[in-house]
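Read the numbers this way: they start at 1 and go in the same order the structure lists the ligands and their atoms. Here the structure is a predicted model, which means the values were calculated and not measured.
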Amino acid sequence: MYSLSVLSVLAMLAAAGPFGLASPTAPRWEDMSAKHSWASLPDKWAHHGPPPDGTTIDLRVALKPHRETALIDALYEVSDPEHPKYGAHLSKEQVAELVAPHPDTLELVGSWLAHHRVPSSSLSITHGGGWLTLSRVPVVQANALLGASYQFYRHTETKEIVLRTMGYALPAALHRHVDTVAPTTYFGSPRALRQTSRLVPDGPTLPQGDLELQTASATSQRVPPSCNDVITPTCLRLLYKTASYVPRAVATNKLGIAGYLEEYASQSDLTKFATLFRVDALDARFSVVTVNGGINNQSDPGVEANLDIQYADSISYPTPNVYYSTGGSPPFKPDDQTPTNTNEPYLDWLGFILDQSTTVPQTISTSYGDDEQTVPRDYATSVCHLFARLGAMGVSVLFSSGDFGVGGGSCHTNDGTNRVRFVPAFPASCGFFFCCFFFLFFDKKCSRLTRWWLQGPFVTAVGGTFRVNPEVAASFSGGGFSNHFTRPDFQNVAVSAYLRGIDSKHHGLYNTSGRGYPDISAQSMNFQVVLAGTVINTAGTSCSAPTAAGVFSLLNDLLISRGKPPLGFLNPLIYSKAWTGFNDITSGSNPGCGTSGFSAVKGWDPVRNYVFRPCCYPAGVLMFSTQVTGFGTPDFTKLRDLCT
Ligand SMILES: *[C@@H]1O[C@H](CO)[C@@H](O)[C@H](O)[C@H]1NC(C)=O
């Protein structure tokens with residue numbers, strides 16, 4: 001097997017030791033060059049002190065795949081509805097083969113580790129292949145390997161302590177072989193991840209009479225006006241037209257919720273939620289999978305976890321739901337030898353899910369995010385590539401687009417220039433920027449350009465709406481343009497033309513050649529959630545992601561029940577064909593950074609032009625028209641006809 005052979009090569013090299021491999025052409029390992037460093041300490045972090053002697057850290061090394069674009073090519077083949085391989089999703093083994101590093105990469109990395117006397121027993125291949133995990137490396141050794149200076153840093157608000165370095169380097173000879181090493185300069189972590197759910201204090205609650213009316217209307221197929229003020233599963237099932245669909249593939253189809261931050265979903269709260277809001281689903285259940293020391297504390301329900309499970313479950317019922325509780329943040333004791341969180345949440349969770357031997361859920365929702373500028377580009381790209389693997393395996397991954405419009409606070413850049421700039425969210429902005437070079441320079445065929453454009457982000461980002469008839473963009477709905485992930489030059493003309501159209505509004509505040517998000521949206525305000533037995537009122541794009549995931553999970557159910565493959569990575573389908581299955585949102589905007597943000601505008605006409613003239617039409621116009629709510633909110637009955 002692939003992973004065995006890699007391990008044995010590495011083990012052999014490591015066992016041979018520095019003397020066994022002495023050769024005149026051995027690279028000069030002392031010749032280091034910088035990989036990433038910060039100009040100044042990331043916002044809201046303070047230096048806390050040096051780690052005590054004996055502190056260890058687990059290092060994850062992303063090796064460059066031998067065939068750099070093979071996985072992305074495969075992802076687009078299986079996700080493009082016009083491609084003959086559409087739906088032929090890859091197995092875990094096929095993915096491992098596509099992302100396999102070149103033997104030279106393995107040999108070089110192996111001899112580098114041997115040079116530093118890293119024992120072969122501490123090495124393992126992880127994340128479904130192509131990643132090397134070095135377990136319990138002493139910090140002294142990690143500093144030497146990476147030209148780093150690991151220190152403890154403290155988050156000034158959450159008080160979380162992490163072990164990170166302000167910069168790291170690799171031997172010059174390894175730069176072409178290693179994509180990223182983590183944890184190094186990404187200071188985000190489970191505690192610092194922004195939780196995109198927000199409580200609305202004294203928000204509207206539903207009088208009992210109205211509640212009964214809402215429930216009764218489940219059969220009438222009309223969205224009750226009270227859904228303007230209060231959202232329950234009934235509102236969503238009527239609004240997005242799933243109410244009359246009965247899932248059939250419940251033995252195969254699953255819906256996953258990724259949870260972090262010691263957030264636990266409560267079964268008794270779910271049952272109470274069902275008695276209040278979906279009485280035909282009283283036996284609704286979910287299973288819990290713990291990752292990296294995560295626990296399942298049924299006495300400590302969290303708002304985010306309960307929100308996600310209660311809405312995902314009540315829309316997709318009786319589809320089995322899985323809650324992933326990812327750990328990694330024990331309480332910090334300053335004198336402890338093995339303290340604190342040294343891990344990073346997406347990497348832990350992705351490593352776990354990509355190493356599964358059983359089928360992972362076909363639809364997965366995540367309601368956590370971070371400011372993109374706090375995420376180093378090498379790390380962001382490698383993590384996005386892991387989400388792409390999930391897509392290639394047939395998993396639809398949905399993320400909330402964030403809760404701060406075009407950016408929260410005063411919005412200054414952290415690159416040393418301290419300019420005012422919009423702050424996109426990660427991983428909602430997730431993409432893969434290498435491809436632009438490849439397709440621009442090596443393949444000028446229309447089909448490839450179209451495919452390139454369709455790449456967009458590797459996750460489907462979900463923005464927020466509120467009110468009904470019509471729905472309106474929520475002002476906090478995260479949206480904008482990625483600074484990490486770029487569009488190619490050929491789109492810039494179109495973007496400039498559009499900019500002239502809007503009078504160069506917000507000029508200089510965002511990356512005119514960046515990827516746009518969100519892709520779609522869903523309701524995001526006044527969600528009724530049961531927490532510790534009490535009904536509370538919640539808002540945020542945390543509401544939108546599980547709602548949209550519930551709808552797509554039902555589409556997957558329909559496909560699977562007809563013996564077809566699930567939808568997998570959604571964006572190529574949505575952008576080429578299924579966009580007509582969404583309710584366009586034409587009013588509202590997402591102010592932030594002291595500006596009015598982007599506005600939701602009528603988005604269909606540019607899209608229609610795009611579809612008919614794929615390689616000529618300025619796609620930038622489309623992207624600009626959708627910077628608050630994407631293509632809009634899902635209409636299950638239309639999507640059912642478009643996707644099956
Ligand atoms: C579970 O939560 C309860 C309530 O917050 C707390 O008292 C208890 O210590 C927690 N148990 C564990 C194992 O964390």
Non-neighbouring partners of T271 that pass side-chain contact (heavy atoms from CB on, under 4.5 Å), sequence neighbours left out: Q267, R285
Check: Y168 ring centroid to Y150 ring centroid under 6.0 Å: no
Mutual orientation of the aromatic rings belonging to Y311 and F527 [parallel < 30°, tilted 30-60°, perpendicular > 60°]: tilted
Residues in side-chain contact (heavy atoms from CB on, under 4.5 Å) contact with D43, at least two apart in sequence or another chain: none
Those protein residues which place at least one heavy atom below 4.0 Å from ligand 1: I295, N297, S299, D300
Aromatic centroids of W45 and F187 separated by under 6.0 Å: yes
Pair up each side-chain donor or acceptor in residues 352-359 with any protein partner under 3.5 Å, not counting sequence neighbours, and list the distances.
residue, atom, partner, partner atom, Å
D355, OD1, G128, N, 2.9
D355, OD2, H127, N, 3.4
Q356, NE2, F352, O, 3.0

